[in-house]
Amino acid sequence: MNVQNNVKTMRQDIAKRAADELGEGEVINLGVGIPTLIPEYLGDKHVFLHSENGLLGTGPAPEAGQINPDLINASKQPVTELPGSAIFDSALSFAMIRGGHVDTAVIGALQVDQTGELANWAVPGKDILGVGGAMDLVAGVQKVILTMTHTSKSGEAKIVESLTYPSSGYRKADVLITEKAVFTFKNNQMYLVEVADGVTVEDIEETTAASFVVAL
Amino acid sequence: MTSKKEISLTDISKYIKDGDQVLVGGFGLSGCPLTIVDEIAKTDVKDLTIVSNNLGEPQKGLGKLLVNGQIKKAIGSYFTTHRGAVNAWNEGWLEIELLPQGTMAEGIRAAGAGIPAFYTPTGAGTKLSENKEVREFDGKEYVLEKSIPGDVALIRAHKADEYGNLVYRKTQENFNTAMAMAGKIVIAEVDEIVPTGELKPEEIKTQHLFVDYLVKTRYEVEGGTFVERTK
């Protein structure tokens, strides 16, 4: 990962690194934002993409003129279906999620604390009118990978000692990927396991408002 | 083909009354009974509680009922991107009950399956479980969620047979089968009604015992979107 100020490049770098984290043959649910870029970086790796609205085996966006408005993903974008895909209803789709049958969710976060507890659905002081499937995913999947820019646009830390944004649930994240670093969480402790090219541990300490163990 | 369950569009209003809790299928516009919603928008029925993932778009689907002021309360999972709903809520004339999407789907299914409430891990430890009963099982907290029945369920499928068995087009099913189970009166909007026996038993997703009435849609897919037929 190269450190770039350009937000687009940052987001692509994060998606690329997150793609490396996924295992061959896993069932993956990709959240909105950065995670939607991941399929571009999967290379030869084969995974099954699960969409909350009832599709396992989601394919790329259709060609113009081939759009079926009844074949969409959880972001309501038109998609295609890959060979071997399966379609089902919302209740069954969330049974897959809550029941622990989906291997990994890659989701964006607004904030994460040093234990791995995350906030990804509401901003303090703003109307709380949407949650979608965020909390079901956090509660149910086997592994939660968070993708987010290391700090906010104004440079504020998003990795904090304790959440000031509304929590998404008790479940802790397993991995956090930013443009600067990769962290893992175990037993309420955060570990710095990787830094991007050109980034120092001091850089990470300066932009992270949480304590972590350096485990490079 | 006709069916004993088929009713005319103008009959729809007979089955919906002021103050009803109405389950409306759809994830965005896919699987939303657009024709039925249009018919309700032509009536005076009001104070509806709408249970639907979101509230359509401003001029399509449930957005029409919102603009008309026919909706008192919306129960769903995602209204953030619907400016009309956000404004109505800010102005104080629309009540919103926000549920995690999986809790909403399971709540509807449970209502149709004879289960009055259920415990879910989703939302435990969050603002959405405040004021809800929480119980520990094997050291983990779960939230008690009530099932979500409907006075009426308005659903959308691709084809029906004469009995009212339903099949869907791609991801059109979403909340529709669960809603058919949970509604006291269930009206399904379909593209066509085919002779009984034409649908394979194993492809039927919503079984006829859940479906009371059928109407034919006025919408078709054109240019990648849903367009109302002009004739």
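So you know, we letter chains A, B, ... as the sequences are listed, proteins then strands, and number each from 1.
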Asks: Rounded to the nearest 0.5 Å, what separation is found between the CZ atom of B/Phe79 and the CD1 atom of A/Ile128?
Replies: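 Interatomic distance, B/Phe79 CZ to A/Ile128 CD1, rounded to 0.5 Å: 14.0 Å.
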Asks: So for B/Asn176, is it side chain, backbone, both, or neither that comes closer than 4.5 Å to the heavy atoms of chain A?
Replies: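 For B/Asn176, there is no contact with chain A at all, as no heavy atom is under 4.5 Å.
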Asks: Should we count NZ of A/Lys45 as having more than 12 external heavy atoms under 6.0 Å?
Replies: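 More than 12 within 6.0 Å, yes.
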Asks: Please report the C-alpha distance between A/Asn68 and B/Lys170 in whole Å, then the side-chain angles of each, then the deciding distance to 0.1 Å, and finally whether the side chain to side chain contact (heavy atoms under 4.5 Å, CB included) criterion is met.
Replies: CA-CA 9 Å; A/Asn68 178 349; B/Lys170 301 303 177 187; 3.6 Å; yes
Asks: Counting heavy-atom pairs under 4.5 Å to chain A, which of B/Ile108, B/Asn53, B/Asn90 comes out on top?
Replies: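 That would be B/Asn90.
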Asks: For A/Phe212, does the CZ atom sit with more than 12 other heavy atoms under 6.0 Å from it, leaving out its own atoms?
Replies: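 For A/Phe212, atom CZ is crowded (more than 12 foreign heavy atoms under 6.0 Å).
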Asks: Taking all heavy atoms of A/Gly132 and all of B/Tyr78, pick out the closest pair and write down the distance.
Replies: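 Between these two residues, the closest heavy atoms are N-CD1, 3.9 Å.
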Asks: Is there a side chain to side chain contact (heavy atoms under 4.5 Å, CB included) between A/Ile72 and B/Phe27 once you walk through the steps?
Replies: CA-CA 9 Å; A/Ile72 58 175; B/Phe27 189 83; 4.0 Å; yes
Asks: Can you tell me if A/Glu156 has over 12 outside heavy atoms packed within less than 6.0 Å of its CD?
Replies: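 Open: at most 12 neighbouring heavy atoms sit under 6.0 Å from CD of A/Glu156.
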Asks: Any Lys/Arg nitrogen of B/Arg169 or A/Asp70 sitting under 4.0 Å from an Asp/Glu carboxylate oxygen of the other?
Replies: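 Judged by the 4.0 Å cut-off on N to carboxylate O distance, B/Arg169 and A/Asp70 do form a salt bridge.
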Asks: Please report the interatomic distance CD1(A/Ile87) to CD(B/Gln172), rounded to the nearest 0.5 Å.
Replies: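 That separation rounds to 10.5 Å.
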Asks: Do other residues, nucleotides or ligands put more than 12 heavy atoms under 6.0 Å from the CD atom of A/Glu161?
Replies: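 Check fails, neighbour count at 12 or below.
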Asks: If I measure from the heavy atoms of chain B, does A/Leu71 come under 4.5 Å with its side chain, its backbone, both, or neither?
Replies: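 When you check distances to chain B, atoms from both the backbone and side chain of A/Leu71 fall under 4.5 Å.
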Asks: Could you have a look at A/Glu117, A/Glu81, A/Glu52, A/Lys126 and say which one has the most heavy-atom pairs with chain B under 4.5 angstrom?
Replies: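 Top option by heavy-atom pairs under 4.5 Å: A/Glu81.
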Asks: Can you tell which of A/Gly140, A/Ala139, A/Ala64 has the highest number of heavy-atom pairs within less than 4.5 Å of chain B?
Replies: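 Result: the option with the highest number of such pairs is A/Ala139.
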Asks: Return yes when atom CD of A/Glu63 has more than 12 non-hydrogen atoms of other residues, nucleotides or ligands closer than 6.0 Å, and no otherwise.
Replies: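 For A/Glu63, atom CD is not crowded (no more than 12 foreign heavy atoms under 6.0 Å).
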Asks: So which part of A/Ser85 gets closer than 4.5 Å to some heavy atom of chain B, the side chain, the backbone, both or neither?
Replies: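 Interface part for A/Ser85: neither.
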Asks: Classify the side-chain pair B/Asn174/A/Asp89 by whether it contains a donor and acceptor separated by less than 3.5 Å.
Replies: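 Side chains of B/Asn174 and A/Asp89: no pair found under 3.5 Å.
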Asks: Can you tell me how far the NZ atom of A/Lys76 sits from the OG1 atom of B/Thr81, to the nearest 0.5 Å?
Replies: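 The NZ atom of A/Lys76 sits 5.5 Å away from the OG1 atom of B/Thr81.
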Asks: Answer whether the closest heavy-atom distance between the side chains of A/Pro69 and B/Val221 falls below 4.5 Å.
Replies: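 Side-chain contact under 4.5 Å: yes.
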Asks: Please state whether the side chain, the backbone, both or neither of A/Gln66 comes within less than 4.5 Å of a heavy atom of chain B.
Replies: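 Contact with chain B involves no heavy atom of A/Gln66 at all.
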Asks: Near B/Lys216 NZ, under 6.0 Å, is it more than 12 heavy atoms from other residues, nucleotides or ligands?
Replies: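 Counting neighbours around NZ of B/Lys216, more than 12 heavy atoms of other residues, nucleotides or ligands fall under 6.0 Å, so yes.
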Asks: Given that the side chain runs from C-beta out, which part of A/Leu92 has a heavy atom under 4.5 Å from chain B: side chain, backbone, both or neither?
Replies: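 Looking at A/Leu92, nothing touches chain B.
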Asks: Pair up each side-chain donor or acceptor in residues 96-105 of chain B with any protein partner under 3.5 Å, not counting sequence neighbours, and list the distances.
Replies:
from: B/Glu97; atom 1: OE1; to: B/Lys73; atom 2: NZ; distance (Å): 3.0
from: B/Gln101; atom 1: NE2; to: B/Ser77; atom 2: OG; distance (Å): 3.4

Asks: So, does B/Thr171 use its side chain to make a donor-acceptor pair with the main chain of A/Gly54 at under 3.5 Å?
Replies: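 No, the answer is negative, given that no donor and acceptor are paired below the 3.5 Å cut-off.
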Asks: For the candidates A/Leu55, A/Ile67, A/Asp127, A/Asn73, which exhibits the highest count of non-hydrogen atom pairs separated by less than 4.5 Å from chain B?
Replies: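 Highest number of pairs under 4.5 Å: A/Asp127.
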Asks: What part of B/Val86 is in contact with chain A, defined as an atom under 4.5 angstrom from a non-hydrogen atom: side chain, backbone, both or neither?
Replies: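 For B/Val86, heavy atoms of backbone and side chain both lie under 4.5 Å from chain A.
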Asks: Can you pull out the residues in residues 120-144 of chain B with any heavy atom less than 4.5 Å from chain A?
Replies: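 Residues in range: B/Thr120, B/Pro121, B/Thr122, B/Gly123, B/Ala124, B/Gly125, B/Thr126, B/Lys127, B/Leu128, B/Lys140, B/Glu141.
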